[in-house]
Visitor: 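Please see the structure below; I have some questions.
Hydrogens, waters and symmetry mates play no part in the numbers below; they use all other heavy atoms, side chains included.
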Amino acid sequence: MKWMEKFDLWESHTNLDEEMVKLIQEMKQDDKVKEESFYKELEFGTGGMRGEIGAGTNRMNIYTVRKASEGLARYIESFGEEAKKGGVAIAYDCRHKSPEFAMEAAKTLASHGIQTYVFESLRPTPVLSFAVRYLGAFSGIVVTASHNPPEYNGYKVYGPDGGQLPLFEADQVISKVNEIENELEIQVASEEELKNRGLIKIIGEELDKEYLKQLTTISVHPELGEEMGEAVKVVFTPLHGTANLPVREGLAALGYKNVKVVAEQEQPDPNFSTVSSPNPEEHAAFELAIRDGKQIDADILIATDPDADRLGVAVKDADGEYVVLTGNQTGALFLHYLLSEKKATGTLPSNGVILKTIVTSEFGRVIADSYGVATVDTLTGFKFIGEKIKQYEESGEYTFLFGYEESYGSLIADFARDKDAVQACIMAVEICAFYKRLGKTMYEGLMELYEKYGYYLEGMKSLTLKGKEGAEQIANLLTAFRNTPPAEVGGYAVTAIEDYSTQERLVVETKAVEKMELPKSNVLKYFLEDGTWVCVRPSGTEPKIKFYFGTQSETLEDSKEKLETISTSLMEKVDQFLNSMNSVGKA
């Protein structure tokens with residue numbers, strides 16, 4: 001069905017809710033807006049779906065949420081009555097329409113006789129992951145668009161282990177979703193009726209208490225809170241999101257009471273009014289935290305994204321200025337602290353493992369190696385780390401110690417199975433206290449790690465290419481890199497190419513092809529003669545194509561210079577590809 005036909009179908013539908021009717025009328029005279037809203041179905045992929053809020057098949061609205069939930073309901077039904085009784089836990093963040101979408105999902109599932117548990121108010125994503133495990137639910141849903149702009153929302157699905165659905169199970173749900181031809185025809189019972197029948201239950205306080213109880217167990221040195229709790233000065237911003245209460249309660253429970261919350265960013269706000277992007281990866285998101293940090297001479301600044309699965313950290317550098325650490329740097333500090341202190345306390349297992357993604361720094365691997373701990377790489381996306389945790393839990397091959405990714409996500413303890421910024425906040429403050437007791441800053445601790453293991457530096461650049469045309473450009477860029485791979489980047493010869501779509505590694509000099517074990521993904525990774533690597537991949541959640549760089553040298557200055565050279569060179573090649581594509585388009 002063409003986009004105009006889909007638009008006509010929605011416009012003529014007699015039971016469309018009032019808000020959708022109004023939006024349809026507003027776009028009636030704008031063919032470009034209509035095409036963008038209806039040219040495809042909002043894709044329900046392996047990580048769920050995410051898109052702009054609005055009317056249309058390519059937008060987040062109650063009808064596309066019903067469609068996703070109807071597909072999930074049919075998938076659950078295929079497992080029988082026990083799966084339906086196990087049910088689905090549902091959480092949501094602070095975004096526009098999040099409570100409405102969460103209840104719409106619950107109504108759709110409950111209309112199939114599936115037990116649903118809906119949080120009474122907004123909660124972090126990791127609390128949903130924990131809730132699935134605690135309740136023994138068959139599945140979970142969190143309504144969130146993480147750190148996307150305010151006009152977005154999304155929908156992620158979890159399995160019974162509390163992790164995002166693995167590829168095979170996700171494909172089964174996707175298949176069920178794709179069977180549904182018309183989202184407007186899905187019938188749901190009323191919220192009141194389903195609550196009266198006990199199929200929708202509201203949850204909250206009990207889960208919060210149990211999660212907090214688990215949160216306090218992640219401390220390696222709980223005595224640090226008692227000893228340094230007043231001395232360590234913390235500035236915290238939830239960036240208008242869900243982390244405010246659980247982070248403060250977790251820190252207080254361990255004795256860290258000298259915590260100042262950025263007042264302007266404390267309360268939930270779906271417009272994220274004080275920041276251009278509610279993303280702790282963006283240094284601008286720390287502007288108000290840095291202001292407050294200077295006022296109280298804070299030791300550490302911590303910022304979480306709206307659904308509290310990513311943590312950003314800022315600490316004082318050698319000049320006393322606050323610098324925002326990268327996800328790789330924070331991960332290295334976490335990793336070294338956990339391994340060194342577990343070894344010191346005799347609690348480091350002989351079969352320990354850390355999990356990281358293919359675009360995460362090799363810094364972590366060399367640290368883990370020094371403690372005799374294995375490192376396993378996964379595809380980008382924390383779902384793959386969660387999947388490995390489950391695999392090793394069942395096989396006993398490894399004991400999970402830490403999982404992280406360069407994009408500011410990490411997991412310390414596996415009572416949750418998605419990245420958990422609440423846990424990360426607790427650990428960051430404890431590490432700060434650990435160094436302060438030694439008379440050092442976290443930045444000095446990081447410099448010591450560089451001095452010991454080498455100066456590993458990483459970077460990332462991205463291009464935002466929106467809409468139908470943007471999606472085509474992203475696909476064409478990947479094709480261009482695949483068909484015309486660079487022979488060198490920044491003057492360093494490419495020695496090997498990994499293509500995750502074919503699951504093959506090509507050794508350039510010998511032309512030898514090796515098979516890779518990781519699942520298929522539209523990702524390319526190039527290894528250079530000096531040990532540097534670059535990676536190209538489309539974002540799974542935003543209209544972006546991302547370019548990653550990782551290098552290592554004996555000095556910080558050399559690493560910085562090399563990183564700049566490599567990134568500039570690769571982006572020049574990207575510009576050449578884009579110019580070539582545009583020239584062809586105009587011809």
Visitor: For Asp305 and Asp309, indicate whether the former's side chain and the latter's backbone hold a donor-acceptor pair under 3.5 Å.
Guide: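 Yes, because the side chain of Asp305 sits within donor-acceptor range (under 3.5 Å) of the backbone of Asp309.
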
Visitor: Would Phe101 and Tyr155 count as a close aromatic pair, with their ring centres under 6.0 Å?
Guide: no

Visitor: If you count the non-hydrogen atoms of other residues, nucleotides and ligands that lie under 6.0 Å from CD in Glu397, is the total more than 12?
Guide: yes

Visitor: Heavy atoms only: give me the nearest Ala416-Leu411 pair and the separation to one decimal.
Guide: O-CD2, 3.3 Å

Visitor: State plainly whether the residues Arg310 and Glu281 are in salt-bridge range, i.e. N to O under 4.0 Å.
Guide: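 A salt bridge is present here (some side-chain N lies under 4.0 Å from a carboxylate O).
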
Visitor: Can you name the one residue among Glu405, Glu362, Glu406 that meets side-chain hydrogen bond (donor to acceptor under 3.5 Å, both in side chains) with Lys356?
Guide: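 Result for side-chain hydrogen bond (donor to acceptor under 3.5 Å, both in side chains) with Lys356: Glu362.
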
Visitor: Name all residues meeting the side-chain hydrogen bond (donor to acceptor under 3.5 Å, both in side chains) criterion together with Tyr435; count only those two or more places apart in sequence or in a different chain, and write none if there are none.
Guide: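 For Tyr435 there are no side-chain hydrogen bond (donor to acceptor under 3.5 Å, both in side chains) partners, ignoring immediate neighbours.
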
Visitor: Counting only heavy atoms not in Glu43, do more than 12 sit closer than 6.0 Å to its CD atom?
Guide: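 Atom CD in Glu43 is not packed in, count stays at 12 or less.
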
Visitor: If you measure only the distance, is there a donor-acceptor pair under 3.5 Å linking the side chains of His147 and Ser277?
Guide: no

Visitor: Rounded to the nearest 0.5 Å, what separation is found between the OG1 atom of Thr357 and the CZ atom of Arg537?
Guide: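 Rounded to the nearest 0.5 Å, the OG1-CZ separation comes out at 8.0 Å.
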
Visitor: I'd like to check the salt bridge (Lys or Arg N to Asp or Glu O under 4.0 Å) partners of Lys525; sequence neighbours left out, ordered by chain and number.
Guide: none

Visitor: Are more than 12 heavy atoms, taken from residues, nucleotides or ligands other than Glu472, located less than 6.0 Å from that residue's CD atom?
Guide: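 Yes, CD of Glu472 has more than 12 neighbouring heavy atoms, counting only those of other groups under 6.0 Å.
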
Visitor: For Lys560, give me all partners under side-chain contact (heavy atoms from CB on, under 4.5 Å), at least two apart in sequence or on another chain.
Guide: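 Applying side-chain contact (heavy atoms from CB on, under 4.5 Å) to Lys560 gives Leu457, Leu556.
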
Visitor: Would the number of heavy atoms belonging to other residues, nucleotides or ligands and lying under 6.0 Å from NZ of Lys515 be above 12?
Guide: yes

Visitor: Would you say the side chains of Thr330 and Tyr408 form a donor-acceptor pair under 3.5 Å?
Guide: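 Result is no, nothing qualifies.
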
Visitor: Asn148 side chain to Tyr152 main-chain N or O, any donor-acceptor pair under 3.5 Å?
Guide: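 No, because the side chain of Asn148 does not come within donor-acceptor range (under 3.5 Å) of the backbone of Tyr152.
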
Visitor: Can we call the ring centroids of Phe402 and Tyr404 under 6.0 Å apart?
Guide: yes

Visitor: Does the distance from a Lys or Arg side-chain N to an Asp or Glu carboxylate O, for Glu321 and Lys316, drop under 4.0 Å?
Guide: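 No, no charged N to carboxylate O under 4.0 Å.
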
Visitor: Does CD in Glu287 sit with more than 12 non-hydrogen atoms of other residues, nucleotides or ligands closer than 6.0 Å?
Guide: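 Atom CD in Glu287 is not packed in, count stays at 12 or less.
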
Visitor: Between the side chains of Asp418 and Lys156, is the shortest nitrogen-to-carboxylate-oxygen separation below 4.0 Å, so that they form an ion pair?
Guide: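 Salt bridge between Lys156 and Asp418, a charged N being under 4.0 Å from a carboxylate O: yes.
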
